[in-house]
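When a ligand or atom number is given, it counts from 1 through the structure's own listing order. The structure displayed is predicted, hence computed values, not measured ones.
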Amino acid sequence: MKRVAIFISGGGSNMVSLVDSMTGDHPARPVLVLANSADAGGLQKAAARGIATAVVDHRPFKGDREAFQAALLAELDAAAPDILCLAGFMRVLTASFVSRWQGRMLNIHPSLLPKYRGLHTHARALEAGDDLHGCTVHEVTPELDDGPILGQATVPVLPGDTPDALAARVLVQEHRLYPEVLRRFASGNRETLRLQG
Ligand code: GRF
């Protein structure tokens with residue numbers, strides 16, 4: 001049984017989808033949900049599901065990224081996960097952290113990578129006049145939002161879409177895509193999954 005740690009920063013809706021999918025014959029189980037802020041709403045949801053939680057607030061480390069990452073690594077050493085999932089985790093992790101977990105670390109990004117790495121992906125897709133948008137689950141490498149793609153789900157961009165409307169449509173697909181990719185990844189399947197919303 002693979003052990004999965006999940007990093008969050010906010011409400012953790014992707015974390016909830018992942019946790020709720022790890023049942024029955026699923027080859028993995030959640031062992032830790034960690035947030036970079038004590039008021040991340042996802043912490044209560046994880047605790048309500050009986051999952052160990054941890055908080056490593058990034059603010060006391062301001063500027064000392066290596067010290068913040070060392071604190072994250074200490075929590076991971078204690079929980080001993082096999083796989084690390086970033087799920088709405090809004091802190092950049094540098095090569096010194098990623099190199100320890102590369103090959104065992106996933107992230108979900110709300111665009112069809114390689115388009116729109118970074119932030120404000122929905123507004124950028126609208127500005128570009130794209131008629132197709134979506135989300136990507138990829139392996140994390142030191143380059144931001146750049147690792148091998150494990151899965152993508154597409155959604156149509158509709159006339160009159162606002163960034164919030166588009167984000168909501170993408171989020172529904174994130175909750176489908178990430179659990180399915182994790183199940184495959186945990187069973188050793190690296191084939192790219194493509195879903196349509
Ligand atoms: C969402 O915008 C999602 O697209 C991205 O992270 C944000 C928060 O997700 N992956 P969550 O509800 O905290 O999982």
_I'd like to know if D164 pairs up with R169 as an ion pair, taking the criterion as any Lys NZ or Arg NE/NH1/NH2 lying under 4.0 Å from an Asp or Glu carboxylate oxygen._
no
*Give the atoms of ligand 1, by number and element, whose distance to some non-hydrogen atom of I108 is under 4.0 Å.*
10 (N)
*Among all protein heavy atoms, pick the one closest to atom 12 (O) of ligand 1 and tell me residue, atom and distance.*
S13 OG, 2.6 Å
_Salt bridge D82-R104, side-chain N to carboxylate O under 4.0 Å_ = no
*Salt-bridge contact R124-D130 (side-chain N to carboxylate O under 4.0 Å)*: no
*asked:* Considering non-hydrogen atoms of the protein only, which is the closest contact for atom 8 (C) of ligand 1, and what is the distance?
replied: G88 CA, 4.1 Å
_Would you say atom 14 (O) of ligand 1 makes contact with the protein, given that contact here means a non-hydrogen protein atom less than 4.0 Å away?_
yes
*asked:* I'd like to know if the side chain of T121 and the backbone of P110 have a donor-acceptor N/O pair within less than 3.5 Å.
replied: yes
*Proximity of H133 and H122 rings by center, below 6.0 Å*: yes
*Verdict with supporting geometry, T154 and Q196, side-chain hydrogen bond (donor to acceptor under 3.5 Å, both in side chains)*: CA-CA 5 Å; T154 59; Q196 283 184 334; 4.8 Å; no
_Please report whether ligand 1 has a polar contact with P110, defined as an N or O pair separated by less than 3.5 Å (distance criterion only)._
no
_For ligand 1, which is the ligand I care about here, please tell me if H122 has any N or O atom under 3.5 Å from one of the ligand's N or O atoms._
no
*asked:* What protein heavy atom lies closest to atom 3 (C) of ligand 1? Include the residue and the distance to one decimal.
replied: E174 OE1, 3.2 Å
*Looking at atom 1 (C) of ligand 1, what's its closest protein heavy atom, distance included?*
L171 CD1, 4.2 Å
*Looking only at protein heavy atoms, which one is nearest to atom 9 (O) of ligand 1, and how far off is it?*
N14 ND2, 3.7 Å
*Does ligand 1 have any atom that is closer than 4.0 Å to a heavy atom of A167?*
no
*Begin with the C-alpha distance, continue with both residues' side-chain angles, and end with the deciding distance and a verdict on side-chain hydrogen bond (donor to acceptor under 3.5 Å, both in side chains) for T94 and Q69.*
CA-CA 8 Å; T94 66; Q69 292 179 159; 2.8 Å; yes
